[in-house]
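Here the structure is laid out as structure tokens; the discussion comes afterwards.
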2 protein chains.
Amino acid sequence: MDARERLIESAQDLLWERGYTGTSPRAIQHRADAGQGSMYHHFAGKHELAREAIARTADQLKAEAAASLATPGTATEKIGAYLTRQRDVLRGCRVGRLAADPDIITAADLREQLAATFAWLRETLARIVASGQRAGQVSPRLDPHDTAATIVAVVQGGYVLARSADSTEPFEQAVSGLLALIMKES
Amino acid sequence: MDARERLIESAQDLLWERGYTGTSPRAIQHRADAGQGSMYHHFAGKHELAREAIARTADQLKAEAAASLATPGTATEKIGAYLTRQRDVLRGCRVGRLAADPDIITAADLREQLAATFAWLRETLARIVASGQRAGQVSPRLDPHDTAATIVAVVQGGYVLARSADSTEPFEQAVSGLLALIMKES
DNA sequence: GTCTATACGGGGATAGAC
DNA sequence: GTCTATCCCCGTATAGAC
């Protein structure tokens with residue numbers, strides 16, 4: 001694997017662990033086993049490297065979400081599969097984590113990558129909710145887009161609660177609580 | 001207002017805006033209009049000042065949550081009041097925000113302040129859900145603690161989505177979606 | 001492509017004067 | 001209590017050699 005590749009992957013790791021503000025070029029170089037000159041040869045600076053790293057992470061996340069949602073079965077089964085898919089709960093969401101970072105929110109090009117990722121996820125879930133309504137598995141009284149936002153928010157908020165508690169339990173409770181609400185009428 | 005007080009309030013502001021990692025002693029001193037010597041006279045360092053600031057913020061947050069939950073009415077009305085209370089959505093949660101910060105999660109004494117705040121909030125909401133069940137307004141099939149975790153997670157996750165989108169809309173959708181789920185049977 | 005040198009301000013704190 | 005001086009390393013690059 002060449003240096004450019006190692007730099008991107010190291011940046012992905014560090015952005016996940018420490019966010020943008022908490023990640024220094026030096027730390028990325030160390031983890032990538034690349035020198036100062038190498039990094040600044042391949043990227044204009046921290047910002048540009050972060051952009052590449054976030055794009056890569058966002059793509060991976062979408063692929064993983066799509067895979068869990070491709071579970072065969074009813075709409076509620078797909079949503080259940082998404083909610084209960086394997087997660088590194090205490091490490092948090094690789095994309096959502098960045099929303100807390102002031103320098104990400106300020107940099108329009110970086111923030112938009114988060115916006116696009118969540119927009120895609122919400123839209124995908126909304127379609128599944130709507131299809132569940134057509135199939136009669138989901139209450140027609142629910143708004144698909146609102147419900148999709150709720151589902152994504154429970155996951156993101158679950159991470160916050162789990163990291164605060166240093167325990168996966170509140171994440172699991174939040175997901176169980178949501179599933180119970182969605183299934184209530186079935 | 002004395003310098004000690006100004007330092008704590010400045011630290012509260014900056015922790016909200018930039019997190020722990022993103023906040024330097026210098027920045028706090030500047031905002032507080034206090035010198036280096038003043039800060040290190042009143043506090044042993046950044047860590048100790050942050051602890052005081054977080055304690056203060058956590059107390060304020062609990063007081064505000066308790067106030068919204070003291071709304072007269074049924075359990076579902078209280079929950080609705082909590083969910084729709086006035087919020088600075090794009091600035092995020094002053095406590096939940098810190099869960100993304102690696103240095104907060106690593107420092108047990110700081111992280112525990114977040115844990116305690118959310119534990120209190122979830123327990124308070126769980127009691128309200130349970131009382132709603134006794135009064136027949138909430139489905140007896142729901143687990144009060146799970147449901148409480150879901151409610152808190154929707155709020156925390158709503159902040160993440162709103163900040164990512166640079167719009168309050170997804171927050172409002174997530175809350176509406178949750179309210180629809182809770183009210184579905186009423 | 002990668003290395004080393006150099007730069008300048010900031011992060012986070014200690015020491016001692018006033 | 002607050003000020004100023006001082007410290008040392010890090011953050012974030014740029015420049016030019018190899």
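Letters A, B, ... are given to chains in the order of the sequence lines, protein chains preceding strands, and every chain is numbered from 1.
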note = Per-nucleotide protein contact along nucleotides 2-14 of chain C, 5' to 3', at a 4.0 Å heavy-atom cut-off (B base, S sugar-phosphate only, - neither), is BBB------SSBB
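Annotation: proximity of residues 101-114 of chain B to DNA chain C (heavy atom, distance under 4.0 Å) is found for no residue.
Residues forming a side chain to side chain donor-acceptor pair (under 3.5 Å) with A:T57 (at least two apart in sequence, or on another chain): A:Q12. Looking at residues two or more places apart in sequence or on another chain, you find no side chain to side chain donor-acceptor pair (under 3.5 Å) involving B:H42. Not counting sequence neighbours, the partners of B:F171 by the ring pair (Phe, Tyr, Trp, His ring centres under 6.0 Å) test are B:Y159. A:R127 is linked by a side-chain contact (heavy atoms from CB on, under 4.5 Å) to A:E123, counting only residues two or more places apart in sequence or in another chain. Take B:T21 and apply the side chain to side chain donor-acceptor pair (under 3.5 Å) test, not counting sequence neighbours, and it matches B:D101, B:D103. Under the rule for a salt bridge (charged side-chain N to carboxylate O under 4.0 Å, His left out), B:D143 has no partner lying at least two apart in sequence or in another chain. For B:R85, the side chain to side chain donor-acceptor pair (under 3.5 Å) test picks out B:E64, with sequence neighbours left out. With sequence neighbours excluded, no residue forms a salt bridge (charged side-chain N to carboxylate O under 4.0 Å, His left out) with B:E172.
Note: CG (A:D33) to C1' (C:dG1) measures 15 Å, nearest angstrom. If you take CD1 of A:I28 and P of D:dG11, they are 11 Å apart, rounded to a whole angstrom. Between the P atom of C:dG1 and the CG atom of A:L7 lies a distance of 13 Å, rounded to the nearest Å. Rounding to whole angstrom units, CZ of residue A:F43 and P of C:dG1 are separated by 12 Å.
Judged purely by atom type and a 3.5 angstrom limit, A:R163 uses its side chain to pair as donor or acceptor with the backbone of A:L90.
Helix-axis bend for the helix from C:dG1-D:dC18 to C:dC18-D:dG1: the local axis fitted to the five terminal pairs at one end deviates from that at the other end by 0°, rounded to 10°.
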Distance-only donor-acceptor pairs under 3.5 Å for side chains of residues 111-122 of chain A, two or more places apart:
| unit_1 | atom_1 | unit_2 | atom_2 | d |
| --- | --- | --- | --- | --- |
| A:R111 | NH1 | B:S164 | O | 2.8 |
| A:Q113 | NE2 | A:R51 | O | 3.4 |
| A:T117 | OG1 | A:Q113 | O | 2.8 |
| A:R122 | NH1 | B:Q173 | OE1 | 3.0 |

